[in-house]
Amino acid sequence: MALHVMDEANRCLGCKNPQCQKGCPINTPIPEVIRLLKDHKLDEAGWLLFENNPLTTVCSLICNHEKQCEGHCVLGRKGTPVHFSVIENYISSTYASKMVKGPHPSNGMKVAIVGSGPAGITIAILMARYGYQVTIFESKEQIGGMLRYGIPEFRLPKSVLDDIQYRHLELKGIKIRPNTRIGDAIGVDDLFRDGYKAIFIGTGVWKPNTLQIKGETFGNVHYAINYLANPDSYKLGERVTVIGAGNAAMDVARTALRKGAQQVTCFSLRKKIAASQYEFSYAKLEGVEFEYNKKPVEIVDEGVMFRDLVEQEDGTVEEVAGSDKLYPTDSVIICISQGPQNAIVNTTTGLDANDRGLLVADTCGRTSRPGIFASGDVVNGSRTVVEAVAYSKRVAEAMHEYIQSHLENENR
């Protein structure tokens, strides 16, 4: 591994105007990291990665590198780009075990983090760096949000998340309350009552979008977000139909094959697959089949009725009359994204949401209610992990400024 990593590092041109860094949503200082590694300063390179991105070990595994850092590498224009994902994973996973420092000196002020997905973890770590006493409220048993319950083990080992919990949260003095859903027994007003100076909401999007077609309530029909959370609890049979063709659909299809399905087919509305080429290629390699330009119109006991679509030059699609066809299957998994659950919005006054149920927040995460901040999928809808981290860095700074401003006003 080390030799391969150094081979990749030595291919880097060290561009003065690094396009790879510009292609990274979180602006990772890629040339500097590689330079440090080549100078045998692995610890410094690791520190730089974690300082810029608390979830660097995660992003090195699941980022869409082909459209971000590696997709912008100048070597990729005529050949093979530098595979920074391999370099980043080696450095971050090797350096992670050396991160044993305790919490920063406390400033005596509390902040609450609601949700422990990518955004929540990032905010918690950054606020702890400022010295705040941080408590994470997580509705599920373990931290990670979509990272733990929406991404298969073969793409993101749970041990990576366990390591983040230990080294970045517990060692930093961050408290975690699992199985605690804000909006039920405890509300936002209770948190303010108990002295939290600011509250961050990063509850993600856990409510599956539906097809709204006949047969969707049948017992052999499931939603991707539920299936990925615990695939071992499902008995899908030999033939599985996956409706959708994004990265999550690839996860579903590949997981189903690993759990015993013999034939898995993804159905896409268009010819162009929404998933990354990397994930699509792995799915095809593992035996996932694909049907294009198909619209589900009804689910019946024997399978799914699909109607053919024709793509027009202007990008629109038209249905082909009389083309309905039954595709037999044992189980159906619907994978067309998710929306938010609104327990917090419904129980909190002064907190605005848009017509999709997403929280309304400005570019720094400030919501309509002072002291409450939000970012991640609950604001922007389903996005990538690295985008959530990048946005959350701005939010953490805004939270800190808000608390300090109120502190100054109180001391006048």
Side-chain angles (χ1 to χ4, degrees), residues 146 149-156 205-311 317-339 382:
M146 288 292 180
Y149 296 101
I151 300 178
E153 175 79 15
F154 60 82
R155 283 190 59 210
L156 179 61
V205 285
W206 293 91
K207 183 179 179 181
N209 291 337
T210 62
L211 293 171
Q212 296 293 309
I213 62 175
K214 187 177 179 180
E216 199 165 355
T217 65
F218 289 174
N220 63 336
V221 180
H222 315 288
Y223 295 107
I225 188 59
N226 300 328
Y227 175 69
L228 289 173
N230 187 9
D232 288 330
S233 65
Y234 291 80
K235 306 298 181 184
L236 300 180
E238 294 186 355
R239 296 174 300 178
V240 177
T241 292
V242 179
I243 299 178
N247 283 339
M250 302 303 108
D251 287 342
V252 167
R254 296 173 67 192
T255 299
L257 286 172
R258 283 165 169 78
K259 298 300 179 181
Q262 299 300 305
Q263 178 184 347
V264 179
T265 306
C266 287
F267 287 78
S268 174
L269 291 174
R270 296 182 178 273
K271 180 65 176 177
K272 182 176 175 58
I273 294 294
S276 71
Q277 184 61 35
Y278 181 86
E279 297 300 329
F280 173 60
S281 63
Y282 263 110
K284 288 194 69 176
L285 179 65
E286 294 174 13
V288 178
E289 299 175 5
F290 291 86
E291 292 282 349
Y292 306 96
N293 299 122
K294 305 291 183 182
K295 176 184 177 180
V297 292
E298 183 180 353
I299 299 172
V300 296
D301 289 330
E302 297 77 20
V304 184
M305 299 292 298
F306 284 94
R307 183 171 300 159
D308 290 344
L309 300 174
V310 175
E311 297 185 44
V317 293
E318 289 187 2
E319 300 181 14
V320 179
S323 63
D324 292 10
K325 178 182 176 181
L326 174 66
Y327 288 79
T329 191
D330 296 318
S331 293
V332 180
I333 302 181
I334 299 168
C335 189
I336 55 172
S337 195
Q338 299 87 230
S382 296

(message) Within the 4.5 Å heavy-atom criterion, are Glu153 and Thr255 side-chain neighbours or not?
(response) no
(request) Please list, chain by chain and in numerical order, all residues satisfying salt bridge (charged side-chain N to carboxylate O under 4.0 Å, His left out) with Lys259, sequence neighbours excluded. (result) Asp232
(request) Calculate, to the nearest 0.5 Å, the distance between atoms NZ and CZ belonging to Lys272 and Phe280 respectively. (result) 10.0 Å
(request) Working to the nearest 0.5 Å, report the span between CG of Leu228 and SG of Cys335. (result) 7.0 Å
(request) Taking side chain to side chain donor-acceptor pair (under 3.5 Å) as the test, write out the residues that go with Asn293, two or more places apart. (result) Glu311
Below 3.5 Å, can you tabulate the donor-acceptor pairs from side chains in residues 243-252 to any protein atom, sequence neighbours excluded?
from	atom 1	to	atom 2	distance (Å)
Asn247	OD1	Ser276	N	2.9
Asp251	OD1	Arg155	NH1	3.0
Asp251	OD2	Arg155	NH1	2.8

(request) Check Ala261 against Leu257 and note the closest heavy-atom contact, atom names and distance. (result) O-CD2, 3.5 Å
(request) Using atom types as modelled and distance alone, determine if a side-chain donor or acceptor of Thr241 lies under 3.5 Å from a backbone N or O of Thr329. (result) no
(message) Looking at every non-hydrogen atom in both residues, tell me the closest pair between Gly237 and Asp330 and how far apart they are.
(response) C-OD2, 3.9 Å
(request) Give the minimum heavy-atom separation between Leu269 and Lys294, together with the two atoms involved. (result) CD2-O, 3.4 Å
(message) Can you tell me how far apart CD1 (Ile299) and OH (Tyr327) are? Round to the nearest 0.5 Å.
(response) 15.0 Å
(request) Quick one: list whatever passes side chain to side chain contact (heavy atoms under 4.5 Å, CB included) with Glu289, sequence neighbours left out. (result) Gln263, Thr265
(request) Quick one: do Leu326 and Val300 satisfy side-chain contact (heavy atoms from CB on, under 4.5 Å)? Show the steps, please. (result) CA-CA 9 Å; Leu326 174 66; Val300 296; 3.7 Å; yes
(request) With sequence neighbours left out, write down each residue that passes side chain to side chain contact (heavy atoms under 4.5 Å, CB included) with Gln262, or none if nothing qualifies. (result) Glu238
(request) For Ala283 and Phe290, work out which heavy atoms get closest and say how close. (result) CB-CZ, 4.1 Å
(message) Just verifying a value: how many Å separate Ser268 OG and Tyr292 OH, rounded to the nearest 0.5 Å?
(response) 7.5 Å
(message) For Phe154, does the six-membered ring have the charged nitrogen or CZ of Arg258 within the cation-pi criterion, i.e. under 6.0 angstrom from the centroid and within 45° of the normal?
(response) yes
(message) Measuring from atom CD of Glu319 to atom CG of Asp308, what distance do you get when rounded to the nearest 0.5 angstrom?
(response) 10.5 Å
(message) Please evaluate residues Phe267 and Val304 with respect to the criterion side-chain contact (heavy atoms from CB on, under 4.5 Å), reporting the C-alpha separation (whole Å), side-chain torsions for both, the decisive distance (0.1 Å), and the verdict.
(response) CA-CA 11 Å; Phe267 287 78; Val304 184; over 6 Å; no
(request) Taking the side chain as every heavy atom from C-beta outward, state whether Ile213 and Met305 have any atom pair closer than 4.5 Å. (result) no
(request) Quick one: closest heavy-atom pair of Pro231 and Ala229, and the distance? (result) CD-C, 4.0 Å
Output side-chain donor-acceptor pairs under 3.5 Å for residues 205-212, partner residues at least two apart or in another chain, one line each.
from	atom 1	to	atom 2	distance (Å)
Trp206	NE1	Thr203	O	3.0
Asn209	ND2	Ile336	O	3.2
Thr210	OG1	Gln212	NE2	2.6

(request) Test side-chain contact (heavy atoms from CB on, under 4.5 Å) on Glu286 and Val264 and set out the steps. (result) CA-CA 10 Å; Glu286 294 174 13; Val264 179; over 6 Å; no
(request) Assess whether side-chain contact (heavy atoms from CB on, under 4.5 Å) is satisfied between Ile334 and Val221, documenting all intermediate values. (result) CA-CA 8 Å; Ile334 299 168; Val221 180; 3.7 Å; yes
(message) Closer than 3.5 angstrom, by distance alone: can the side chain of Asp324 be matched with the main-chain N or O of Arg307 as a donor-acceptor pair?
(response) no
(message) With rounding to the nearest 0.5 angstrom, report the OH to CD1 distance, Tyr234 to Ile333.
(response) 8.0 Å
